[in-house]
Amino acid sequence: MTRSALHAEPNRRDLLKGLSAGVAAAALGGLSPAFAQSNPYAGLKGEPLELLIWDGGAFVDNMMASVQAKWSAVGGGTLKFRKVPFGDLDRAVRSANQGGAGPDVFLANAPNVITYKKLGLIEPVTDMFSKEDLEDFFPTVRLGSEIDGEFYGPSTNENGQALYYDRQLTDRYGIKLPETLADAWTWDEWLRVFKEIQAGERKRRGNEQFFALYPNMGNTGLFFSGIFPRSAGGKGSNAWKMVSDDGLKSSGYLNSAEALQGLQLIQDIHHKHAIAPVSTQKDMFYNDQVAFFCGVPLYLAPIKKARPDIDLATAPVPFIKTPIIHTGSFAWLVNRQTAKMGDAKLFVKFMGSPEGNDVVARGWTSPPIRKSMVADRPEFKTKPMALFIDSITEWSVPRPKVPGFSELDTMWSRLEADIVSGGDVKALADDAARRIDAQLRRYA
Amino acid sequence: MPHPTAASGRDISRRNRSAAFLEGWGPALVFLCPALVMLCLFKLWPIAEAIHTSTGTFDPGGQRIDTAGFDNFGFALSDSRFQWGLWLSLAAAIVKVPVQLALGLAAALMLRANTGGNALVRAMVISPMFFGLPVTTFVFAYLFDANVGAINAILSGIGLPRVAWLSTEAPAQLLVLGLSVWRDVGVTMLVFLAGLSAIPPQIAAAARLDGAGPLALFFTITLPLLARSFQFAVVLATLASFQILVPVLMLTKGGPTGATDLASFQIYETAFSYFDLGTASSMSLLLLVGLIVVIALELRWLAVKWTYE
Amino acid sequence: MNRFSSLTLRFLLAAIFVAPILLALAASFRDNSEMYRHAGSLSFWTFLPSEPTLDAYRRAIALPRLPMQLFNTVLLGFVMATGTAVSSLLAGYALSRFRFRGREALFLLMLFTLFIPVDVILPPLFFVIRDLGLIDSFWGLALPFIFSPVGVYLIRQAIEEVPRELDHAASLDGAGLWEVLRTAILPNIRGAVIACWLMHFVFVWEWYLWPLTAMRRDDGQLAQVAIAGLIDPLRSTDYALVFAAAILTIVPAFIVFALLQRFLTSSQATTGGK
Amino acid sequence: MIAMHKLVLRSVTKSYTKGTTVLKPFDLVAQSGELIVLVGPSGCGKSTLLKLIAGLEKLDDGQILLGDRDITDAEPRQRKIAMVFQNYALYPHLTVRENLAYPLRRQKLRMPAITEKVAMVARQLRLEELLDRRPSQLSGGQKQRVAMGRAIIREPDLFLLDEPLSNLDAALRTHVRGEIRDLQRRLGTTMIYVTHDQVEAQTLADRVVILRDGEVQQIGPPQEIYARPANIFAAAFLGAAPPNFLAGRVINGRIDVGQASLPFSDLPGECRTALAGREQVYLGLRPELLRAADDHYGDHLVLHGAVSSREIVGNTQNVYFRTDTACADMTRLSALAGRYLTDELVWTTENSNTGDTVKLAIRPEDILFFDAEGQAIGTHGSDTL
């Protein structure tokens, strides 16, 4: 490795930077005396950091610009970005250190943390967070990043799930939908409503291409559709677990009798009930072509922008037996091979702090990762956001914790697409489980 | 320049001065150098690397952890999915090659005259080539969407049922192959155009005097004389059909239920989604061998035994 | 076949090949909701914008890295096409005119590499580039494809068509090996060289997986790969933006192609005549 | 301006990798200003020899000297040799002017000097009108002149011409032949001229080199080769038509040719001694040296024949006839002559009033004698170096 040695002596420019950081810290300290007493970012060198993130266009760019501003304010250096398409993120992380110095910090899909830990790609940051910090995180934020007692990095945000819909539409049919988790409906109850609304709207619009539900499948892997088999089993059942406790086996879990029921439902909503389009385009709800849209809070703002005319409402996600949603998002992780370990760790600490996370969570129009931050914001106490928050606290679980999550997710997507296309569910699930096991075995 | 004429002195000097002649490796090497260096570095080395990789076991981070001998080959060959993928790749060639050749030949025959209008149509036939694969694939994804795509709008508009292009087996196969043929017909046409222009006009004239009608002329003179172009076009089309990847990657991901699970896609997935480099490399080499066998067979069937004088 | 039906046939042929591109062009002048409103059923507006807007182009031009990435694509096209043309010209000259042991074998070996599917050797190629320390660099992208068996084949065939007496005359007239190539052969195979250049220039627009693998800096990335990144799995895809950006990307290739396309159809370009 | 450039080839040998010998050790001295014509059937190695001299191919062994320089290993461009190719090898992408200027530009001459020389050569070869045309716009004869112009413009030490007339029609060929001869005389440059046409060889050459299968058959002035060919091949090659070959038997001081017979006493002295002691010989009778016989020709060889056909060529006539003396081993003779021979004989005559039978006589000193291997008897065919 031809990486230049660590700067033992700060040069003049670093000194200047440190000075300005000190000024900034002093300024902040002036506002908050407690902060001035113990600067949590002491030791920050202000080195430029390189981040590996996925390319989310202007959306991510704007957010990261705000992060940069705040990071500079606490004395951090410039942030450089290495951007890859979302679908290529896992490969980019795994091959980041091949061919020379990799980026200092990864923004990775959170369930991959365990994989990257197994492959020795990331450095724990447990020492950056106090016990209070960890307890302040939502449970899934902490659980998702905690392996063998070490914490590897906070998420960017939290992600509840709910069904978006236009209240005018349900009013037209005089249907009263559940508003809170306590009143949540099962799929059977929903199906009746879905069918009724779809039939009525098709007739009214004279358009056979209007659908009841966009379940948000395709390209998003386990996040949305993985809850179908999981919710078919009781809490703690094999179907609910999806993989064995050691994370190395899916046979008997993913293809258990209960799970098959959930998988069958995926097929049925497309074929037997025909209430969901097979299209993989995300735009159908935005463009008034489906009645219900299963999504995360992130969609709130764009939908409001695209459909200012509708009375946007949310309802709890349907379930079969056990209500469940997947949470967890992207996690900030420190590259184990970074030459700027100190600053990189501090950056991750910063991103897990209320000030750092606030920028990102707001940028994402999503709940933040700390309970305390939710408590501070009144908009989280009213609908629609309140439902997302509730789903996080009451229903949420991290995605299945397996080494090789990416492999699992790839095969899941394939299984899901095959099921949607109308293949034999049991045969497909058996084959998928067998193949997933073969891949997971490599991590044993 | 005066030179000693003694035989011994001359022999030595000749060896030294042989650079003056077009003989021997010395002077050729100067000109071959760039190509040779590239050939070795970026064609042969990767093959060697692939062979080396194929004999190893790798952890999911891409680190070699063990030697596997021929286990990876055995594993790949005994995997029903890969067997199916190889068969699909072969089937893709079996369908694509004749269709593409027929279309390319028809286009070449239609557009062989050198008029301005023909030049324009020729340019249009070639145009998919330079619109780039990612973009064209994305355009196709937009056109062929089951619910909001223009193609289904047309179908339903003229009273035909909508087709779930990407989630029904035969239509998905049709789409992937169709996209590939659509893109590559231009190349085939160019090959045939060149072949047609190489046929001396006297031969056709002679055949016409010998009593050949337009059909007889085509089947007894034009087609046989295009044999070399045929060979070249078949090889190119076969290569292309074994390399169909981006459409599968962007549109179908091998599905639905394995209908487009081509060997090339499996190799990509094994290497870049599962990071099973050993297996992926052995799969690559197996596909390469398969490709060479297929092309060798084709060249044997299409052997050309005549030449123009 | 009468004149009318032959014209119709040509028109249909042309339509099949340009229609998808034209639709994308039309779509780049609309916005998403307008597009979707007409997408489900057949009407004039299924294909054409009812309220044309240049908004997508404005946003595409405003993409911060697109100009740089487009420059990368074009520069790479020039470098690769020129590199390929030059290396093929030199190799074709040596393989056609020089006599040395193993010449035919070397030529066959070069042709053989045509059979190696590029996408299939991506992982080992990545390792080679990595070992050479060229990952994430312009040359890492370009170098592996500067040698092209098709180029060598094309140019060698073209040189074979040039009578040997011409080199003989030139060398007796005082030309050295290089001058023979430059002054006697090159002017007579210009068509093939330009065809080779053009083919490899356009080839860059085909690239997707290789730059995705070997280039991990977004300011060094190629435009078409970056555009594929605009297709966002998490949120709704902005089709108009993607198409507008794609059309912008295509423009340089299209201009170069339009200028040079007549060389592609000349006979010596594709099979060297015989 | 006579340049003193003698060309010396010493045991020049060439064979290709497959082991076929193209040129057996070859020796030749071309005197300065001499015009040597290399003739032979196609594949005899004459073009290879030319390429070796030009440096376009590498010789296996031997030595080439031009003037006082050893050019055996020199690059073509260092040799100061100009060559005119069969297909002229004009640069198709250059105009006539640029074609002519090409060698000068390679010599890095200044532009004014080039322009001047081009103008001079164009005047000399009547190319002024054509200077701005491209080769594709020229007729065969014009191309030929441009090729010559490109050769002479750089004032080489040696000219090589490789069948320069073979692409021209018959009438033009005679004309251009004369021009080449004049030009060579005027410039005084040594010239090696390759052709397969014996007429060119006879009309142009100071000396002719006859080649067969990479081996020299005879070197000498054309008249001498005509009169005293070294072997059947040379005899058959040079002359308007090949001689009529007959088999003869030497018996008791005379030669029997079928029913005709010729006593030794009628033969020149050197022939007589050479024939003595042999059994089987071949006789070569040049058609143009036969004459209608009457009884005066007692000391001539006289043949009787039945006419099979005749063809009129201008004011002469070729009369084809058979005799009872016809030779049986035409296959052997054809092989020795390197061309197809029939047992039909031919008589070239100006007198067309002959009947269905002929009686023809030839002077004994005009008869060519060859041994069973086809080598001339009684004459020393080739001159030595």
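Throughout, protein chains are lettered first and strands after them, A, B, ... in sequence-line order, and every chain is numbered starting at 1.
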Considering all heavy atoms, the nearest [X]-[Y] contact:
X: Ser171(C); Y: Leu56(D); answer: OG-CD2, 3.3 Å
X: Leu172(C); Y: Arg154(D); answer: O-NH1, 2.6 Å
X: Ala169(C); Y: Arg150(D); answer: CB-NH2, 3.3 Å

Heavy-atom count check: over 12 atoms from other residues, nucleotides or ligands less than 6.0 Å from [X] [atom1]?
X: Lys143(D); atom1: NZ; answer: yes
X: Phe71(C); atom1: CZ; answer: no
X: Glu129(D); atom1: CD; answer: no

Practice prompt. Return the set of residues passing ring pair (Phe, Tyr, Trp, His ring centres under 6.0 Å) with Phe107(C) (not counting sequence neighbours), or none when no residue passes.
Written response: none

Response to the item:
Bottom line for Lys51(D): the part with an atom under 4.5 Å from chain C's heavy atoms is side chain

Fill in: NE2 on His168(C) to CG on Leu160(D), rounded to 0.5 Å
12.5 Å

Worksheet item: Just checking heavy atoms, which of residues 86-118 of chain D are less than 4.5 Å from chain C?
Response: Asn87(D), Ala89(D), Leu90(D), Tyr91(D), Pro92(D), His93(D), Tyr102(D), Pro103(D), Arg106(D), Lys108(D)

